[in-house]
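Report on one structure; see the data block that follows.
In each ligand, atom 1 is the first atom listed, and ligand 1 is the first ligand listed.
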Amino acid sequence: MLDRPVLVLNRFWQAVHICSARRAFALLFTGQAHAVQTGDGSFLTHDFDSWRSLSQREPEEEMVNTVSFRIRIPHVIVVLFFDRIPRREVKFTRHNIYERDSNTCQYCGKVFDRKDLNLDHVVPRDHGGGTNWENIVCSCIPCNTRKANRTPAQAGMRLIKKPERPKWRPFIHLTFGTTLHESWKHFVDTAYWHVELGGDPTAS
Ligand SMILES: [Zn+2]
C-alpha cells in the first residue's frame, strides 16, 4: 500500500510528478508537503497533524497502521518548497521521434506502422545535416527512397511541418499504464500535458 502512487503538485498546484505513498508520508511528516483532501470539487490542504485527525474523523478503507494510530493515504500532495516547473529535455530517441511525428511520414502525411517508417535526415549527413530534433523526421519507405540522398528542395519534396524539439512530455502516459485516480483528473487535464515535466523534483 505504501507503493501506491500519489500525485505531486508544486506550490502553484501544477502536477509535476508522481511519487509513492511512502515518499508522500515522508514529505508530509517533515512538513515539506501538505496532503490534499479532494471531493465535491473542493480542495482542502492538511499538514501532518490535521491529516491525522481527518483520518480519525473520516477513516477510509485503505489506511496505514502505525504503532499508535491509523492514517489515510493521500491521493494528492502539494509540495511547499518546490515552485519551479521542472524542466527536462525530452530524450532524443527513436521512440520519442515517432511520438513527436505521431507515426506519420513527414513527407506524404500518411500514418504508418512503426516498422514501415524510417528515420530520415532532412539535410543528408554528407550535406552537413546533423542528427538532432531539427533534422530527423519519420519518413515512409517510398518517400525515403524517392528522396534518396538529397535535400527536400533537391528532391522536389516538402515537409508537412518543421521538425522541432518537442516541448512537452506526457509523463503520466509514459510512466504509468494505470488509470488515473479520480481525484487526479482535475490536476492532470490537457493543460498540464503541455508543461515540461519529469524527474523527481522532490528528491533533494
Ligand atoms: Zn511518405
*Can you name the closest pair of heavy atoms from Thr151 and His127 and give their distance?*
CG2-CD2, 4.1 Å
*Hey, could you give me the CG/CZ distance between Leu27 and Phe48, rounded to the nearest 0.5 Å?*
12.5 Å
*From NZ (Lys115) to CD1 (Ile141), nearest 0.5 Å*: 8.5 Å
*Which atom pair, heavy atoms only, marks the closest approach of Glu61 to Arg70?*
O-NH2, 4.5 Å
*Could you tell me whether the side chain of Trp133 reaches within less than 4.5 Å of the side chain of Arg100, counting heavy atoms only?*
yes
_In the protein, N/O/S atoms that are found under 2.8 Å from the Zn ion (ligand 1), waters not counted_ = Cys105 SG, Cys108 SG, Cys140 SG, Cys143 SG
*Between the side chains of Arg114 and His95, is a donor N or O closer than 3.5 angstrom to an acceptor N or O?*
yes
